[in-house]
Amino acid sequence: MGISSWRVLGAEDPEFAQEEAAGQSGLVSQLRPLIAELTAPGDLVFDPFAGWGTTLVACAAEGRRGVGIEINPDRARQARQRVARHPEQRMLCGDARKPPLDPDSADLVLCDLPYFGTNLDQTAPDPGQLYALRDYDTYLAALDEAFAAVAAVMRPGAHAVIAVQNRRIADRFVPLAWDAARVLGRHLTLGDERVHLYDWPVKDEDDPMRTNRSHEYLLMARK
């Protein structure tokens, strides 16, 4: 049975639609099909950039064990509160470059990258806080470290799914998705890309070089 390269995302699952997580970057309904496809019940799913814990909620819904780490203490605290009713899920505060897992233990890595050039955590002193990095080459070098560490905790044959968009920062186009794929390919075998499409409005814009960017790449890789 073939797999479509794209999927149009709708509303959140009603069961999770009322969950409040400020800045939540993903939908539980977006992640559940990937977890069900790429793992078996009881498998271990690792999110190295766990944010507000959406991946762990999706793991709980699919009967998988999840481990998430988030470098921002406040976000990690909020995520722990969010997943507190799911005792099989572990939400930790830490650095993606130093994952708290044994080698060859994760069955799936699933995450949304902390994007370069956002206005989040700009004053964070920790070099592991990718949001805070203002130089693109420095950001990619930190990403390279994180991907190397993540690959080490994946079991042979395990998959990784990295969600990322290209970026427009002021008047500059930043090919973040393509550069992230190049960096990821140093550590894992790239398989393909998938595209998630969002129903976002189109702005009144006459510049043919700008769109509403209502899509996100999923970089598919395997160890």
Side-chain angles (χ1 to χ4, degrees), residues 11-36 38-103 105-115 118-133 142-143 145-147 149-155 158-164 216 218:
E12 178 64 289
D13 289 339
E15 180 181 356
F16 307 105
Q18 300 306 313
E19 296 228 24
E20 294 184 3
Q24 180 179 331
S25 60
L27 304 173
V28 175
S29 59
Q30 174 186 15
L31 303 180
R32 289 184 66 179
L34 294 164
I35 293 170
L38 299 171
T39 63
D43 276 357
L44 179 63
V45 179
F46 176 46
D47 186 341
F49 305 107
W52 286 270
T54 304
T55 297
L56 302 188
V57 176
C59 285
E62 292 298 325
R64 274 64 167 173
R65 297 173 296 131
V67 175
I69 56 174
E70 167 57 44
I71 198 168
N72 180 291
D74 187 56
R75 279 197 290 275
R77 177 187 57 78
Q78 292 182 56
R80 280 196 296 268
Q81 293 175 346
R82 186 181 181 197
V83 303
R85 66 181 183 274
H86 306 298
E88 72 283 6
Q89 308 302 319
R90 294 171 55 206
M91 182 68 211
L92 307 172
C93 185
D95 189 329
R97 300 171 302 169
K98 303 173 184 177
L101 296 176
D102 293 331
S105 61
D107 299 291
L108 171 65
V109 169
L110 179 60
C111 68
D112 196 324
L113 284 190
Y115 286 1
T118 73
N119 59 3
L120 294 173
D121 300 316
Q122 294 186 50
T123 60
D126 193 325
Q129 175 52 269
L130 270 65
Y131 283 135
L133 300 178
L143 196 62
E145 287 185 65
F147 284 160
V150 166
V153 302
M154 294 170 62
R155 66 164 176 79
H159 292 86
V161 182
I162 312 296
V164 57
E216 183 174 47
L218 304 184

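Since the structure is predicted, the reported quantities are computational estimates derived from the model, not experimental observations. Any value given below was found using the heavy atoms of this structure, including those in side chains, with hydrogens, waters and symmetry copies removed.
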Report the C-alpha distance between L110 and L38 in whole Å, list the side-chain angles of each, state the deciding distance to 0.1 Å, and finish with yes or no for side chain to side chain contact (heavy atoms under 4.5 Å, CB included). CA-CA 10 Å; L110 179 60; L38 299 171; over 6 Å; no
Please tell me if the side chains of [X] and [Y] come closer than 4.5 Å, counting only heavy atoms from C-beta onward.
X	Y	result
D121	R75	yes
R97	P127	yes
L120	Y115	no
R82	T54	yes
L108	D43	no
H86	L56	no

Test: salt bridge (charged side-chain N to carboxylate O under 4.0 Å, His left out). Region: residues 55-65. Which pairs qualify, not counting sequence neighbours?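 For residues 55-65: R32-E62.
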Taking all non-hydrogen atoms of both residues into account, name the closest pair between [X] and [Y] and its distance.
X	Y	answer
A96	A149	O-CB, 3.9 Å
R90	P100	NH2-O, 4.3 Å
A58	I35	CB-CD1, 3.7 Å
L133	A142	CD1-CB, 3.8 Å
A124	Q129	CB-CG, 3.6 Å
E70	G51	OE1-N, 2.9 Å

Quick one: pull up [atom1] in [X] and [atom2] in [Y] and give me the separation to the nearest 0.5 Å.
X	Y	atom1	atom2	value
Y131	L113	OH	CG	9.0 Å
T55	Q89	OG1	CD	10.0 Å
L92	I71	CG	CD1	13.0 Å
C93	I69	SG	CD1	9.0 Å
F147	I162	CZ	CD1	5.0 Å
F49	N72	CZ	CG	13.5 Å

When you measure from the side chain of D47 to the backbone N and O of C111, does any donor-acceptor pair fall under 3.5 Å?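 Between the backbone of C111 and the side chain of D47 there is no qualifying donor-acceptor contact (under 3.5 Å).
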Might you work through the side chain to side chain contact (heavy atoms under 4.5 Å, CB included) test for V67 and L44, ending with a clear yes or no? CA-CA 7 Å; V67 175; L44 179 63; 3.7 Å; yes
